[in-house]
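Down below is the structure, laid out as structure tokens.
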Amino acid sequence: MSKPILFSGMQPSSDSLHLGNYIGALSQWTQMQEDFDAFFCVVNLHAITVPQDPAELAQRTRATAAQYIAAGIDPQKSTLFVQSHVSAHAELAWVLNTLTGFGEASRMTQFKDKSQRYGADSSSVGLFTYPMLMAADILLYNAEAVPVGEDQRQHVELTRDLAQRFNSCFGDTFVVPRAQIQKETAKIFDLQNPTAKMSKSADTEGGLLKVLDEPKANQKKVMRAVTDDDMTIRFDREAKPGVSNLLTIYQVLGDRTIESLETEFEGRGYGDLKKAVAEVVGDTFTPVKQRTEELLSDPAELDRLLLGAADRANEVAQATLDRVYDAMGILRR
Ligand code: TRP
């Protein structure tokens with residue numbers, strides 16, 4: 001029996017993934033690739049909805065792909081490819097733009113947030129139509145499951161609406177996907193500000209653990225993580241967000257339970273906990289960093305992998321786009 005299809009995407013918007021990406025997305029994806037026919041897409045066309053430096057964007061696109069492979073996305077099992085290598089994404093996005101209401105798109109909360117942040121005048125129409133490009137990504141591959149964070153739920157809902165709308169107007173064409181929201185337990189917070197999600201847009205670098213940073217630098221950041229003056233090591237998200245965050249990191253990366261950690265660290269100081277967390281972070285990131293550097297040192301081989309995956313992706317995507325054009329009466333070659 002064939003496996004159900006999964007699609008997810010990641011923006012090439014930083015040089016290095018951080019621990020939040022690693023735990024929230026990547027480690028779950030590497031597990032899911034066993035049970036799904038998985039497509040993972042580096043969405044460089046989404047990235048240009050906000051200004052990018054061209055050389056940096058090209059480098060980050062490769063570096064993002066390399067980190068996913070290094071962390072366990074197996075290019076033999078999964079199709080890991082770059083969005084711009086498959087032209088059907090931009091084409092289907094155009095079609096979906098014509099089926100989306102202006103008001104409907106205006107209600108997307110991510111657009112509202114981002115356009116407020118950048119100001120209405122410097123927000124591009126591309127930022128406005130971002131969700132329809134994302135819908136195109138998903139629908140081209142007949143994906144059933146779309147693993148995303150809570151912040152992307154509304155975009156997947158829009159994708160479902162567009163798929164259903166198309167199917168009822170033009171005949172059954174798209175699979176209607178569902179969002180698979182990442183587990184709340186896997187939420188990682190900023191080390192300096194442990195009530196805010198760990199995010200690349202954090203106020204201070206000190207709160208962010210990056211996969212490609214020097215292990216020593218990450219160790220320092222863990223040792224300096226904000227805790228509290230209650231001095232007991234127990235999980236309490238409300239009263240002890242900093243300590244709870246450290247426990248979560250250890251739980252996930254060390255494959256432990258919170259209870260066993262609370263027992264192990266009973267009567268011990270925060271310094272001990274931090275040392276142990278720093279070690280497990282180092283053990284996790286070091287091999288990923290090494291493998292990423294290996295992959296990036298041979299760009300021709302990396303491009304060969306990505307272009308091979310793009311061929312596979314293109315075959316599925318083009319077949320869907322052909323069905324769409326035929327259903328709508330759009331002439332094609
Ligand atoms: N918008 C997603 C994010 O910022 C990235 C993305 C683009 C995506 N296309 C996708 C995620 C398709 C899932 C499916 O996280």
Side-chain angles (χ1 to χ4, degrees), residues 3-14 17 21-22 24-33 36-50 52 57-96 110 126 129-149 151-152 155-156 158-159 162-163 174-175 177-180 182 295 302-321:
K3 295 177 178 172
I5 298 170
L6 175 155
F7 188 99
S8 200
M10 51 283 191
Q11 294 212 36
S13 48
S14 58
L17 295 177
N21 307 134
Y22 185 87
L26 188 47
S27 68
Q28 299 188 40
W29 293 0
T30 53
Q31 283 164 21
M32 287 190 239
Q33 71 180 337
F36 290 89
D37 182 2
F39 292 84
F40 296 114
C41 184
V42 184
V43 292
N44 55 349
L45 298 175
H46 278 101
I48 59 169
T49 56
V50 297
Q52 301 287 341
L57 178 61
Q59 164 62 20
R60 287 175 170 181
T61 302
R62 290 198 179 90
T64 300
Q67 287 173 86
Y68 279 80
I69 297 172
I73 299 296
D74 179 348
Q76 305 304 324
K77 272 186 204 147
S78 300
T79 305
L80 173 73
F81 70 105
V82 176
Q83 190 180 32
S84 60
H85 284 162
V86 180
S87 58
H89 290 249
E91 291 184 68
L92 182 59
W94 173 255
V95 170
L96 296 176
Q110 186 171 65
T129 62
Y130 177 116
M132 286 64 87
L133 178 58
M134 176 163 162
D137 298 342
I138 297 166
L139 296 178
L140 281 172
Y141 298 94
N142 311 304
E144 286 172 55
V146 184
V148 284
D151 64 326
Q152 297 296 312
H155 291 160
V156 180
L158 175 73
T159 305
L162 290 172
F174 291 129
V175 172
R178 66 186 152 72
Q180 198 156 313
Q182 277 136 20
L295 286 161
L302 181 61
D303 284 357
R304 197 189 60 78
L305 277 178
L306 293 174
L307 289 170
D311 284 342
R312 255 181 296 156
N314 187 60
E315 224 168 276
V316 181
Q318 194 57 50
T320 306
L321 186 66

Inset, instruction - I would like to know whether Leu162 and Phe174 meet side chain to side chain contact (heavy atoms under 4.5 Å, CB included); could you show each step before the answer? - result: CA-CA 9 Å; Leu162 290 172; Phe174 291 129; over 6 Å; no

Side-chain contact test, heavy atoms from C-beta onward, threshold under 4.5 Å: evaluate it for [X] versus [Y] and give yes or no.
X	Y	result
Leu57	Thr61	yes
Gln28	Pro147	no
Thr49	Leu133	no
Asn314	His85	no
Met134	Val156	yes
Ser8	Trp29	yes
Gln33	Leu6	no
Met132	Leu158	yes

Legend entry - Heavy-atom donor-acceptor pair, Thr79 side chain to Phe39 backbone, under 3.5 Å: no

Heavy atoms only: give me the nearest [X]-[Y] pair and the separation to one decimal.
X	Y	result
Ser14	Thr64	O-OG1, 4.2 Å
Ala71	Thr30	O-CG2, 3.6 Å
Pro177	Thr159	CG-CG2, 3.9 Å
Ala310	Val86	O-CG2, 3.9 Å
Tyr130	His46	O-NE2, 3.3 Å
Gln180	Ala145	OE1-CB, 3.5 Å

Inset, instruction - Any chance you could lay out the side chain to side chain contact (heavy atoms under 4.5 Å, CB included) test for Ile5 and Val175, step after step, and finish with the verdict? - result: CA-CA 10 Å; Ile5 298 170; Val175 172; over 6 Å; no

Inter-residue atom distance [X].[atom1] - [Y].[atom2], 0.5 Å rounding:
X	Y	atom1	atom2	result
Thr320	Leu92	OG1	CG	8.0 Å
Glu91	Leu140	CD	CG	9.5 Å
Gln67	Arg60	CD	CZ	11.0 Å
Gln110	Asp151	CD	CG	6.0 Å
Gln11	Gln83	CD	CD	9.0 Å

Inset, instruction - Please work out whether the ring planes of His89 and Phe81 are parallel, tilted or perpendicular, with thresholds of 30° and 60°. - result: tilted

Legend entry - Leu26/Ile73 under side chain to side chain contact (heavy atoms under 4.5 Å, CB included): CA gap, chis, key distance, verdict: CA-CA 8 Å; Leu26 188 47; Ile73 299 296; 4.0 Å; yes

Legend entry - Name of the residue among Val43, Asn44, Ile48 meeting side-chain contact (heavy atoms from CB on, under 4.5 Å) with Ser84: Asn44

Legend entry - Aromatic contact, Tyr141 with Phe36 (centres under 6.0 Å): no

Legend entry - Verdict with supporting geometry, Leu295 and Arg62, side chain to side chain contact (heavy atoms under 4.5 Å, CB included): CA-CA 9 Å; Leu295 286 161; Arg62 290 198 179 90; over 6 Å; no

